[in-house]
Amino acid sequence: MTASLYPVADFEYKHDNALSMEEYKVLYQSSINHPNEFWGEQGLRLDWMKPYTKVKNTSFKKDNVSVKWFEDGTLNVSSNCIDRHLPTRAKDTAIIWEGDSPGVDKRVSYQELHDEVCKLANGLKKLGVKKGDRVIIYMPMVPQAAYAMLACARIGAVHSVVFAGFSPNAIADRIIDCGASVVITADVNKRGGKPLPLKENVEEALEREDVNCIQHTVVFNNGAPINPLANTQVWWHDLVSNCAMTCEPEEMNAEDPLFVLYTSGSTGKPKGLVHTSGGYLVWASMTHEKIFNYKPGEVYWCAADVGWITGHTYIVYGPLANGATTVMFEGVPTYPDERRIGQIIDKHQISILYTAPTAIRALMCKGDLAAQDSTRDSLRLLGTVGEPINPEAWQWYYEKVGEKKCQIVDTWWQTETGGAMITPLAGTTDLKPGSATLPFFGVQPALVDSDGNELEGEAEGNLIIKDSWPGQARSIHGDHERYGQTYFSAYDNVYFTGDGCKRDADGYYWITGRVDDVLNVSGHRLGTAEIESSLVAHEKVAEAAVVGYPHDIKGQGIYVYLTPISGTEITPELTKSVRDWVRHDLSPIATPDMIQWSPGLPKTRSGKIMRRILRKVAANEHDQLGDISTLADPSVVDNIIENRLNK
Ligand code: 6R9
């Protein structure tokens, strides 16, 4: 594999205090050889109420997966993100909020963050929320979303943030699965100048017959007129109006859950991954500091959404644990137009921008507009996350956004890993566009073939991680057995990521994408099974198969094959009604890009849909179908090819 190399030494911006490559290698080895010593020392980056005496206690045996870090220590995550900074940083800015409309912004100091979080924590207590209770957070990208997360952490409640783009059904499923008693939401979410209803979506979710655990809904007024609320609803401002600005942080065990976050898998319903308090925060804090080489006083912007793990770890917990100034952006990168990102960078003098390849491609396809009307002089580092970055997008990001001055850290990780796992370190690692480079401290990646044999040297295979790291998810909420099945049963005693990967002669890792039935659409993870089960719930759909296909901006698009209930007339209106159905049932991000009706789907004699064939047709590679002799009825394929949509 040949690739251009961007040696770190060539960058005009020097990174003070960055590790040299030699230092990285030595430290990395010690993190692998002596995890107890290494992490025992790193754990001290947090304030503990009761210090830990044990560090690592983990087992990857599939029938009994057990991951514990710092297990006898106690701490509070919110006081680590707020209170301990107050003696030195009370007046420093914790959060810079940039509203949807240009010109609307707000700075929140660490002291204000403390006061707001405490008030809400006291408000939640008034509503009866206790340690261990689950709270759903369905919020726009406003500082109150972070207050809500930290208020839960302060009183030991477990939050589950549901992405504000999800539909009522998806909210209802998550409420039921985690048995939440309170929902925190807002009246509206403002995106690109349009107010989208959040409270109404929650109300619709709560109307579903099987949802009966929610006792209260807290509603933040994000600008819509203040109308009277129903009995079980309370305005955020009314709830906190008489609440004290101090709230004693609850003492939590390192292994007490901090949050549950749902993500899509290859089968069945979304999984609620459980992250705990101590190890997660150590990981969030250390990765944020080392990968970005973050220095106090710098303004750092992770342009993700708090509804995803990237927002949890790199907008809220990592930066705030490090006393950083973190930017929260309510809007979209293309509103009012493509210049917005550059303008925000100049306005707030941002040093570090961390975003997703899909956002880069969306800006890139508008030519150089994104680079107009801004200097971006304050930038010293760029980051990407969420999907493989294609070399063209990497080059464009490097040249047009970073003006060839900024290194790009391409960070590979997952909801399950809690924080970045394979990533360059700013100022340390030479770059190759498209490669996430080398493992972070404590991470032991390996490549295996389909039988689980480990591949050495330059190779391509399935990516596994051989031992535990502190930020790892501990379980799937309510289903520990499924946790073992999903991640630890494909290969013995290792964690299986679900990703394919290459390793080059320099030991650099190149993620090639999912090897299971998970799609990555604009950086959002979607299970094909989830979309299929939504499709077959439509009254005219008999059978559905969903595959991904290469999409210029989204990375992957959603290609749907449907067989209708017999006697159904196929009309454009019907196709539209199916599309709208999925939008409403799951989420706008799951909306099919292409819908092809077919009298039958290609199946093996045992009745399994042959997705391999459907993927090839969707990718317009129908001349590379390979062996189709095992199909029950090969003529189905001719029809599918003839009527293919991606030509
Ligand atoms: C953090 C996050 C995880 C999946 C993961 C992989 C893909 C993430 C990547 C990347 C190539 C990168 N992925 N980062 N692929 N290069 N730098 O995105 O979590 O939403 O759980 O998605 O995203 O396929 O398995 P999550």
Side-chain angles (χ1 to χ4, degrees), residues 161-163 165-166 259-266 270-273 275 280 283-284 287-288 291 302-315 317-318 354-361 382-391 393-394 397 408-424 429 431-440 443 445 462-465 471-473 476 486-487 490 495-503 508-528 530 548 554-556 587 589-590:
V161 182
V162 176
F163 175 55
F166 275 130
F259 63 86
V260 173
L261 184 61
Y262 287 84
T263 191
S264 298
S266 52
K271 305 178 284 250
L273 288 152
H275 281 283
Y280 170 77
W283 193 254
T287 51
H288 173 259
I291 293 168
C302 168
D305 192 287
V306 288
W308 309 115
I309 190 70
T310 307
H312 281 61
T313 307
Y314 296 113
I315 296 177
Y317 289 115
Y354 187 33
T355 188
T358 186
I360 298 167
R361 289 191 297 264
L382 299 169
T384 82
V385 57
E387 48 180 319
I389 182 163
N390 46 315
W394 196 99
Y397 197 32
I408 297 182
V409 290
D410 174 357
T411 63
W412 172 84
W413 58 293
Q414 310 179 296
T415 306
E416 293 84 347
T417 71
M421 300 285 281
I422 300 182
T423 172
T429 316
L431 308 174
K432 298 184 191 182
S435 170
T437 76
L438 300 169
F440 193 75
V443 176
N462 290 338
L463 180 64
I464 57 150
I465 311 289
Q472 180 171 25
I476 291 174
T486 309
Y487 303 106
Y495 167 79
F496 177 43
T497 63
D499 278 317
C501 184
K502 295 181 197 171
R503 186 174 46 221
Y508 274 42
Y509 289 86
W510 301 72
I511 309 296
T512 53
R514 302 289 305 195
V515 294
D516 52 11
D517 287 320
V518 172
L519 306 183
N520 194 327
V521 179
S522 300
H524 301 312
R525 256 170 88 166
L526 293 166
T528 52
E530 250 176 286
K554 299 180 179 183
Q556 271 188 310
S587 157
I589 56 181

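Positions are given from 1 along the sequence. Both counts, for ligands and for their atoms, begin at 1 and track the order of listing.
Among residue pairs with one or both ends in residues 412-422, those qualifying as salt bridge (charged side-chain N to carboxylate O under 4.0 Å, His left out) are Glu416-Arg525; sequence neighbours excluded.
No side-chain donor from either of Thr310 and Tyr354 sits under 3.5 Å from a side-chain acceptor of the other.
Thr358 is linked by a side chain to side chain contact (heavy atoms under 4.5 Å, CB included) to Ala356, Arg361, Glu387, Ser522, Ile553, counting only residues two or more places apart in sequence or in another chain. Under the salt bridge (Lys or Arg N to Asp or Glu O under 4.0 Å) criterion, Asp499 pairs with no residue at all, not counting sequence neighbours.
Each of Ile309, Thr310, Val385, Gly386, Glu387, Pro388, Asp410, Thr411, Trp412, Trp413, Gln414, Thr415, Asp499, Ile511, Arg514, Asn520, Arg525 has a non-hydrogen atom positioned under 4.0 Å from some atom of ligand 1.
Annotation for Ser587 and Phe166: closest pair CB-CD2, 3.5 Å, computed over non-hydrogen atoms.
Atom CH2 of Trp510 is separated from atom CD1 of Ile422 by 13.0 Å, given to the nearest 0.5 angstrom.
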